[in-house]
Amino acid sequence: MARPLILLSVLVASGVGAGLLIQQTQKPSPPSPPAPSSSPSPGQTPPSTPAADPGGALGTIPPPRLPGLDPSVDMEAPAAEGAAGSAQEVKTLQSQVTYLQEQVDILRKENSTLLDKLASLTGSNPTLTPPCSPDMKATSSGEAPDFVGIGIELVKTREIQDIPLPTLTVDRAEVESRIAAWLTKQFPPSYGKQFGRALAAVGAVPEPIDAIALKAAFLSHQIGGWFDQESQTLLIAEHASERENALALAYGYLFKHFGKAVFPPEAKPLTLDQRLARESLLAGDATLTRFLHALRHPDKGGGGGVGEDPDDPSRAVPIPNFLRELELLPFGMGLDFMQAMHSIGGWEQVDATYDRLPTASAEILDPQLYLAEEPFRPLALRLPETKIAGAAPVWEDTMGPLGMVLLLKQHVAEPIAASTAPGWANDMWLTYSAGEGAKRDHAVWQTLWKDSNGADAFFSAMRTGLLSRYKGATPSTKAAKDVFQLDGPERFVIMKRTHNGQGVLLIDAATEAFARAAEKTLVAPSSSGK
């Protein structure tokens, strides 16, 4: 879309310029003005000094060589002496004007066709963002958001090669719809609801939800825009503040360049841990770009993102607190990670992260893990059996240290939750159906730690969190020393040490029968104890 619009403007300007030149060549030359004297005579106004060309310092850009012009005509050849205003020159210029007018008509038709295509994609008449112009004003009060101008500045700040993206201002619902459409290609059809069931089972959210639908709704506020790969168009949600959304623009350009590398189409679904690590690249890169742009252009601010204000529009999305913070994590932790990469090797080092993607969110938390000579790999984790009483899990995932800290933070102090992250080595998060009518399914979560100290820290933090979550429940006095147990009536919870002291198994079940069966199946005698 950008090519026909820009070329259309060039051709119109060229045609107008050629027409004016024809008029000049047909007029008699005016008499030469007298040479200015070094000092004006009394009553004579001093000659004004011509204003400096603001673009002169950037050099002269040669005119574009447009296809279709008569190759026999040398546009850059100097005119022969005394040939100005000749019939031959007038004829040549008139033929060029005719050609340019034909090109203008062709591009207008092409532009109209593309607008019709965009209208069919969006379901409404799109409003194209005009080219950057300091005199361009909004039809309403205030200045129109200059998405093209800000986009050019962001591309320069980020040091990527690109031209201004075609940009449409649309309803937020349209942005949400495009994000949801992209997400459906990344996950199986039932993923959102299954993920919501798994989150409810482990106690991250109060009840089952469609996590992917809520993700799309929230990101339409947090990012405030989306780059549609099919139409190669950046969609920006309308915003009452009239401010340019630098975060959406930066994310759009980066998604265009690196989106397919980070999230290959038709690839195997990632674990939650892997997805958080990869999302942190794009989100952190966009946040860093917006931040550096705001430093260079403080008068324009940054734009984008959600606020903590209870009246923030994003609060209208019925998203549980855990899921809201989960979607914000890549922008915060990703910023820290990308800042570390940028401080080491500039944008070249940042670009290199897209060629060697992190394997786990532990690398986002600790960039030294990512930069180590030996690539980081979680420790191997195996369970004796995954079927419980003959039932296979309906969900299997890896939460990772970022998700784990966020889950703990719902019920324990943030410093305590964060202190457990460095010891994480791997985890396996399983969900089993509790049957029709059950509010929450059964959850089984086996974590593995670098050493027994890491397992101790997690066991202690999770014990505090469980007592806070299930208020009124008292620990069982019959449990062994390395076992923490809460007996109903709401839930049956067992947490015990495994894997020779390096593991912690959490069973959070809807029935006591399942909790006992899971404990018997998953805890091998040789792996329990400290």
Taking everything shown except Lys450 itself, do over 12 heavy atoms lie less than 6.0 Å from its NZ?
-> yes

Where Phe322 and Ala204 come nearest, the two heavy atoms and their spacing = CB-O, 3.2 Å

Could you tell me whether the side chain of Gln232 and the main chain of Gln229 form a donor-acceptor pair under 3.5 Å?
-> yes

Does the side chain of Phe227 reach to within under 4.5 Å of the side chain of Leu254, using non-hydrogen atoms?
-> no

Are side-chain N/O atoms of Asp273 and Ser361 paired as donor and acceptor at under 3.5 Å?
-> yes

Backbone N or O of Gln368 within a donor-acceptor pair of the Asp366 side chain at under 3.5 Å?
-> yes

Should the ring pair His297 and His293 be called parallel, tilted or perpendicular, given that the plane angle runs from 0 to 90° and is split at 30 and 60?
-> tilted

Closest approach of Arg324 and Phe218, non-hydrogen atoms and distance?
-> NH1-CE1, 3.3 Å

Backbone of Thr398 reached by a side-chain donor or acceptor of Asp427 within 3.5 Å | no

Side chains of Trp449 and Thr447: is there a donor and an acceptor less than 3.5 Å apart?
-> yes

Look at the side chain of Glu348 and the backbone N and O of Gly345, then say whether any donor-acceptor pair between them is shorter than 3.5 Å.
-> no

Answer yes or no: does atom NZ of Lys256 have more than 12 heavy-atom neighbours from other residues, nucleotides or ligands under 6.0 Å?
-> yes

Polar side-chain atom of Glu363 near backbone of Ala360 as donor-acceptor pair, under 3.5 Å | yes

Residue pair Leu272 / Phe195, side-chain heavy-atom distance below 4.5 Å = yes

If you count the non-hydrogen atoms of other residues, nucleotides and ligands that lie under 6.0 Å from CD in Glu325, is the total more than 12?
-> yes

Tyr370 ring centre to Arg356 NZ or CZ under 6.0 Å, with the angle to the axis within 45°?
-> yes

From Leu407 atom CG to Leu402 atom CG, the distance as rounded to the nearest 0.5 Å = 12.5 Å

Is the backbone of Val262 close enough, under 3.5 Å, to the side chain of Arg278 for a donor and an acceptor to pair up by distance?
-> yes

Do Ser177 side-chain atoms and Ala173 backbone N/O form a donor-acceptor pair below 3.5 Å?
-> no

Whether Thr359 side chain and Phe376 backbone form a donor-acceptor pair below 3.5 Å | yes

Going by heavy atoms in the side chains, are Tyr253 and Arg158 under 4.5 Å from each other?
-> no

Quick one: which of Tyr354, Phe258, Phe187, Trp182 gives a ring-ring contact (aromatic ring centres under 6.0 Å, His included) with Phe263?
-> Trp182

Measure centre to centre between the rings of Phe458 and Trp424, then say whether the value is under 6.0 Å.
-> no

Gln222 side chain vs Val306 backbone, donor-acceptor pair below 3.5 Å | yes

